Asks: 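What follows is a structure written as structure tokens; I'll ask about it next.
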Number of protein chains: 2
Amino acid sequence: MSLTGIFPIDKWNFRSQSIFLNLPDEEYELLCANQQEQVFEQGEIIFREGGIPSGIYFIKYGKIKKYKADKDGREQIIYVANTGEIIGYHAILGDDRYPDSAAALEDCLLKFVPKEDFLAALQQSPILTQRLLKALSHEFAVLSNTISVFAQRSVKERLAIALIVLREKYKDDSAPGEEVTINISRTDLANIVGTAKENVVRFLKEFKEQQLIHTAGRKIHIIDIKKLIEISNYVS
Amino acid sequence: MSLTGIFPIDKWNFRSQSIFLNLPDEEYELLCANQQEQVFEQGEIIFREGGIPSGIYFIKYGKIKKYKADKDGREQIIYVANTGEIIGYHAILGDDRYPDSAAALEDCLLKFVPKEDFLAALQQSPILTQRLLKALSHEFAVLSNTISVFAQRSVKERLAIALIVLREKYKDDSAPGEEVTINISRTDLANIVGTAKENVVRFLKEFKEQQLIHTAGRKIHIIDIKKLIEISNYVS
DNA sequence: CTGTTGCGTTGATAAAAATCAATTTTTCAG
DNA sequence: CTGAAAAATTGATTTTTATCAACGCAACAG
């Protein structure tokens, strides 16, 4: 089931995967010079909002939630980064502290590139710079899209959107042809949608009764994505 | 009344003002080569979401709302750009269509720089590129901040924040020492806060009764910004 | 000066969402 | 396999927010 033409999935995903692809050798080696592989287990925090950045992370595999916590500890997930994406560059490029926190949604393998190497590569690579500019500009589109959805859409609509978007992210994890399994806690799902987990449970139940999804424990399978897109009430 | 230390105003403003400042002559002249001054009256649309970009706009004076409209026509204002800022560069840098619409909140004077000139300047100016990267990274922080506020804060809190932020934007328009006047329609204010205009009116009335603000027609004066910051319940 | 029109305001009501309190199910260590 | 802890689910209730309808005021064209 392709979403082409029926759901604007590109407005929901960043484009940092392509940044390090096919770079000139010299620049690529600069980036790799002091890189370090790091394993993060499910739930582990990679960096915290307000912390001083020391480098960037390339996701070899795994999913990472980027979120902000309010003072009562409630998290709002801003974005779910997937295999192949890069995180942690905003703080370094902006010469600032981390604007958000990052934690592993599942066991992850990351490649850490120290700040100095990243900045050095940037210095001498117009291609890298150009790609970053393009990626960041696209992120603006994604985030402003998210803002308008939060401001204008109901919880049920937002949950439908979240399921559609998550299905794309979990696609790579299942064998082609096989049904996609969204494997995420109700609490994290609620923190993506921006509501209480009780509401998530209730609407999931409704979707289940309408035969749009199927659940088994925390796992969610999407059965009728077209209906979900209808419910999301979200076009163009 | 400075907000330093009591409200993180930098998390609410972009930093595109500095991008064109003190550029090397050669690059600056490239940008100016075919620039064109354009007047936009209050309410006039500068560009529309989905449109193909033809250049960027530097705001000589005036305020511009950047917004997204849903299919019922309700606008969500993503950001209010002020004198000195630049708009319209995301679409060009991202090689995409406009991610949002822009319209004049008041009479404006803009300097239009054609896409080709902007890209040419970019091509040969590492400083310009670097500044844009920094500005865009900061915008990520601003927008993710906005998302968490929409997801986690009540209408009353969001209105308090909007008033604090708008006061900063309207500061430049009033003589130093003089009281700041926020001059914006209730509908636009509601579309910033992300609620119905009736709710805005009701909470403004409450703020008025608590002596936090004063209103005269559409105009709003802030009397007690410290209390507003308390109400906004927004720290760090 | 005056009628019209848009905008701001108010009140009443309906709908949506959050919160609180249990209870059931799942997970996982031992 | 088993018991404890964590997570998911359900129901009842309160709070918040949106919607609908009406009215008053102010700006403005003629």
Side-chain angles (χ1 to χ4, degrees), chain A residues 41-43 65 70 72-76 105-107 148-163 181-209 213-221 231-233, chain B residues 41-43 65 70 72-76 105-107 148-163 181-209 213-221 231-233:
Chain A
E41 287 176 18
Q42 186 173 95
K65 61 177 172 184
D70 67 12
D72 307 322
R74 198 169 95 72
E75 297 176 1
Q76 176 57 40
L105 272 179
E106 55 195 31
D107 294 348
S148 72
V149 165
F150 269 107
Q152 298 178 327
R153 303 284 169 190
S154 69
V155 168
K156 194 205 280 195
E157 290 170 329
R158 300 204 304 266
L159 176 59
I161 292 172
L163 291 174
T181 300
I182 296 171
N183 189 346
I184 191 171
S185 75
R186 295 291 184 265
T187 299
D188 279 331
L189 186 50
N191 291 341
I192 290 174
V193 173
T195 187
K197 68 170 182 295
E198 292 95 326
N199 292 324
V200 164
V201 170
R202 271 184 265 270
F203 285 119
L204 284 179
K205 190 181 174 188
E206 193 182 314
F207 291 166
K208 226 172 352 181
E209 286 164 358
I213 64 170
H214 177 255
T215 68
R218 59 146 46 183
K219 291 175 183 165
I220 301 171
H221 294 271
I231 287 174
S232 80
N233 202 13
Chain B
E41 287 174 18
Q42 186 173 95
K65 62 177 171 184
D70 66 13
D72 308 321
R74 199 170 95 71
E75 297 175 1
Q76 177 58 40
L105 272 180
E106 55 194 31
D107 294 350
S148 72
V149 165
F150 269 106
Q152 299 178 328
R153 303 284 167 190
S154 69
V155 169
K156 195 205 281 194
E157 290 170 329
R158 299 204 306 267
L159 177 60
I161 293 171
L163 291 174
T181 301
I182 297 172
N183 189 347
I184 192 171
S185 75
R186 294 293 184 262
T187 300
D188 279 331
L189 186 51
N191 290 343
I192 290 174
V193 174
T195 188
K197 69 169 183 294
E198 292 95 326
N199 291 326
V200 164
V201 170
R202 271 184 265 270
F203 285 120
L204 284 179
K205 190 180 172 188
E206 194 180 313
F207 291 167
K208 226 173 352 183
E209 286 164 357
I213 64 169
H214 177 254
T215 69
R218 56 142 54 179
K219 291 175 183 166
I220 301 170
H221 294 270
I231 287 174
S232 80
N233 203 15

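Protein chains get the first letters and strands the later ones, always in sequence-line order, with residue 1 at the start of each. Note that the structure is a prediction, hence the values are computed from the model and not measured.
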Asks: Are the side chains of Thr215(B) and Lys205(B) in touch, meaning some heavy atoms are under 4.5 Å apart?
Replies: no

Asks: Send over the distance from Asp72(A) CG to dA18(C) P, rounded to a whole Å.
Replies: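 Taking atom P of dA18(C) as the reference, CG of Asp72(A) is at 14 Å.
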
Asks: What is the distance from CD of Glu206(B) to C1' of dG8(C), rounded to the nearest Å?
Replies: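 Result: 18 Å.
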
Asks: Which whole-number value in Å describes the distance from Asn183(A) CG to dT26(C) C1'?
Replies: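 Between C1' of dT26(C) and CG of Asn183(A): 13 Å.
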
Asks: Keeping Asp70(B) on the side-chain end and Asp72(B) on the backbone end, is there a donor-acceptor pair under 3.5 Å?
Replies: yes

Asks: Please tabulate the protein-to-nucleotide N/O contacts below 3.5 Å involving nucleotides 16-22 of chain D, giving atom names and distances.
Replies:
unit_1  : atom_1 : unit_2    : atom_2 : d
dT17(D) : OP1    : Val155(B) : N      : 3.0
dA18(D) : OP2    : Thr195(B) : OG1    : 2.3
dA18(D) : OP2    : Asn199(B) : ND2    : 2.6
dT19(D) : O4     : Arg202(B) : NH2    : 3.0
dC20(D) : N4     : Glu198(B) : OE2    : 3.0

Asks: Gln152(A) CD to dA17(C) P: how many Å, rounded?
Replies: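 Going from Gln152(A) (CD) to dA17(C) (P), I get 14 Å.
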
Asks: Please report the distance, rounded to the nearest Å, between CG in Asn191(B) and P in dG8(C).
Replies: 12 Å

Asks: If you define the side chain from C-beta out and look only at heavy atoms, does anything of Thr195(B) sit under 4.5 Å from Phe203(B)?
Replies: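 Thr195(B) does not reach Phe203(B) side chain to side chain.
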
Asks: Rounded to whole Å, please give me the gap between CZ in Arg186(A) and P in dT25(C).
Replies: 15 Å

Asks: Tell me whether Arg218(B) contacts the main-chain N or O of Arg186(B) through its side chain, where contact means a donor paired with an acceptor under 3.5 Å.
Replies: no

Asks: Take the protein atom CD of Glu41(A) and the nucleotide atom C1' of dC28(C), then report the distance between them rounded to whole Å.
Replies: 15 Å

Asks: Using whole Å, report how far CZ of Arg218(A) lies from P of dA7(D).
Replies: 9 Å

Asks: Calculate, to the nearest 0.5 Å, the distance between atoms CD and CD belonging to Glu75(B) and Gln152(A) respectively.
Replies: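 Here the rounded value is 9.5 Å.
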
Asks: Using modelled atom types and a 3.5 Å cut-off, is there a donor and acceptor pairing between side-chain atoms of Gln42(B) and backbone atoms of Leu105(B)?
Replies: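 It does hold such a pair.
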
